[in-house]
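Here is the structure we will look at, set down as structure tokens.
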Amino acid sequence: MTESSPPGDGVTIEVRGLRKQYRSVTAVDDLSFTVEPGMVTGFVGPNGAGKSTTMRIILGLDAADGGTALIGGRPYRTLPRPLRTVGALLDAAAVHPGRSARNHLLWLARSNAIPRRRVEEVLDLAGLASVAKRTVGGFSLGMRQRLGIAAALLGDPAVVIFDEPINGLDLEGIQWIRGLLRSLAADGRAVLISSHLMSELQDTADHLLVIGRGRLLADTSVRALVATASGDRVTVRTTMRAEAMTVLSDVGATVAVTDGETVTVTGLPAERVIELLTRNGVTFTGVAAHRASLEEAYMELTRDAVEFGAATTREGRDAR
Ligand code: ADP
């Protein structure tokens with residue numbers, strides 16, 4: 001590409017005090033964050049949290065009620081050649097079903113002054129070269145996702161915004177997109193991808209924006225979020241539960257009965273639990289340490305938002 005902003009030139013997405021209201025639903029509530037170039041930023045939150053709304057506002061498809069969303073310092077609508085700055089995948093189903101994959105991309109390229117040869121490049125990149133002549137109407141959801149991603153990359157953009165790109169992909173597709181996202185970031189692009197599932201992002205994202213009820217719950221590296229998880233747990237299998245609870249709570253640990261023969265301890269490392277039980281003559285048949293997972297940290301952060309989200313999503317849908 002000759003005229004596009006070269007990847008790696010440090011284009012960011014900056015969202016400041018963003019707000020959006022749909023009747024009684026506050027979809028986006030004073031949201032501020034920056035998406036940095038050179039890394040994959042995961043935008044994660046339960047269904048109805050406000051991810052798509054935020055992305056639509058960044059892309060100029062919806063108007064905010066307050067705040068700003070800038071790409072490289074400008075609102076999307078004022079970008080001179082938007083497709084060459086930002087590549088977006090929002091709704092993979094939104095393609096004319098009677099067109100072939102190649103013709104769809106050729107049409108997009110022509111209307112954005114992008115050279116024809118770039119179409120062949122993105123068809124290759126998306127693994128669609130062998131089905132380029134087939135009409136899109138017969139494409140599976142996974143193939144549509146690939147076509148949507150090919151279209152997003154046509155302009156070799158410095159910023160990439162994909163809404164739930166992993167949704168609907170088979171295992172091979174998931175591996176492919178993970179590799180693609182990592183390489184887009186390695187080129188120096190700013191990559192923002194959303195998901196309602198932490199498991200989809202944990203091996204792909206470097207940074208996480210966790211959102212619930214339209215509000216930012218965490219703006220953190222993946223590593224830091226794991227570290228802030230509620231703490232490591234140790235489970236102890238013993239027939240002397242009452243004695244174990246006394247010994248462990250005496251030193252300040254939180255101890256809960258899990259089932260008939262197990263107690264769960266938080267606040268003490270496993271070695272210390274073993275030492276205390278042994279010293280106090282409490283016999284046990286097993287001690288297991290559990291590291292708090294990213295999934296648990298995410299569940300904890302979004303617990304309130306999930307309950308809220310489920311209710312308002314239903315309301316929101318009924319209202320449409
Ligand atoms: P997410 O992408 O995180 O699932 P959305 O941004 O789609 O969340 O939705 C956030 C909230 O805004 C939800 O409660 C949803 O029902 C509501 N909402 C989104 N778009 C509209 C709309 N066009 N009209 C009314 N309510 C909407």
Side-chain angles (χ1 to χ4, degrees), residues 13-35 40-69 71 75-77 86-94 141 144-145 148-149 152 159-169 177 181 191-202 204-205 207-220 225 294-295 297-320:
I13 304 171
E14 279 190 64
V15 168
R16 293 288 172 271
L18 205 66
R19 282 193 300 106
K20 179 73 187 179
Q21 188 87 24
Y22 292 110
R23 293 191 215 173
S24 60
V25 177
T26 304
V28 178
D29 190 0
D30 195 19
L31 202 57
S32 299
F33 59 80
T34 302
V35 180
V40 177
T41 299
F43 196 24
V44 61
N47 284 323
K51 304 179 295 293
S52 302
T53 304
T54 304
M55 287 178 155
R56 282 202 309 271
I57 296 172
I58 295 171
L59 294 165
L61 297 168
D62 217 335
D65 294 321
T68 54
I71 297 168
Y76 183 91
R77 283 171 190 281
V86 189
L89 170 75
L90 290 191
D91 182 0
L141 177 59
R144 281 167 197 254
Q145 292 282 80
I149 288 165
V159 173
V160 171
I161 298 178
F162 294 165
D163 195 6
E164 298 271 0
I166 296 170
N167 205 2
L169 293 183
I177 201 169
L181 293 166
V191 180
L192 179 66
I193 52 166
S194 74
S195 176
H196 61 290
L197 297 173
M198 180 63 90
S199 56
E200 286 186 350
L201 298 180
Q202 63 188 21
T204 311
H207 198 82
L208 291 171
L209 302 167
V210 184
I211 176 177
R213 310 161 76 156
R215 300 192 75 104
L216 198 65
L217 301 174
D219 182 341
T220 173
L225 182 57
L294 196 61
E295 192 69 40
Y298 170 59
M299 297 299 244
E300 197 172 298
L301 269 170
T302 57
R303 195 171 35 224
D304 296 343
V306 172
E307 285 156 18
F308 177 94
T312 52
T313 300
R314 270 195 304 278
E315 275 167 36
R317 299 241 159 91
D318 290 347
R320 267 177 232 180

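We count ligands from 1, going down the list as the structure has it; atoms in each ligand are counted the same way. Everything quoted here is computed from the prediction, not taken from an experiment.
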Point to revise | Salt bridge present between K51 and D163 (N-O < 4.0 angstrom) | key: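 The answer is no: the pair does not qualify as a salt bridge.
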
Practice item. Flag the pair D65 and R19 as a salt bridge only when some basic side-chain nitrogen lies within less than 4.0 angstrom of an acidic carboxylate oxygen. Key: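 The answer is no: the pair does not qualify as a salt bridge.
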
Going by the order shown, which atoms of ligand 1 are within less than 4.0 Å of some heavy atom of [X]?
{"X": "A27", "value": "10 (C), 11 (C), 12 (O)"}
{"X": "A49", "value": "1 (P), 3 (O), 8 (O)"}
{"X": "N47", "value": "4 (O)"}
{"X": "P46", "value": "3 (O)"}

Point to revise | D62 side chain near Y22 side chain, heavy-atom distance below 4.5 Å | key: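 Yes, side chains in contact.
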
Review point. Do L209 and I211 touch side chain to side chain, with heavy atoms closer than 4.5 Å?
Key: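 Not touching, per the 4.5 Å side-chain cut-off.
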
Practice item. May I ask whether R56 places a heavy atom under 4.0 Å from ligand 1? Key: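 Right, R56 reaches ligand 1.
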
Review point. What do you reckon, does G45 put a non-hydrogen atom under 4.0 Å from ligand 1?
Key: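 Contact absent.
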
Exercise for review: Indicate yes or no: does an N/O atom of T53 lie under 3.5 Å from an N/O atom of ligand 1?
Suggested key: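 N/O-N/O distance under 3.5 Å: yes.
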
Practice item. Indicate yes or no: does an N/O atom of V25 lie under 3.5 Å from an N/O atom of ligand 1? Key: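 N/O-N/O distance under 3.5 Å: no.
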
Exercise for review: Check each of L301, T302, L208 against M198 using the side chain to side chain contact (heavy atoms under 4.5 Å, CB included) test, and report the only one that passes.
Suggested key: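 Of the listed options, the one satisfying the test is L208.
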
Review point. T54 pairs by side chain to side chain contact (heavy atoms under 4.5 Å, CB included) with which of I13, L59, L18?
Key: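 Answer to the side chain to side chain contact (heavy atoms under 4.5 Å, CB included) test with T54 among I13, L59, L18: L18.
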
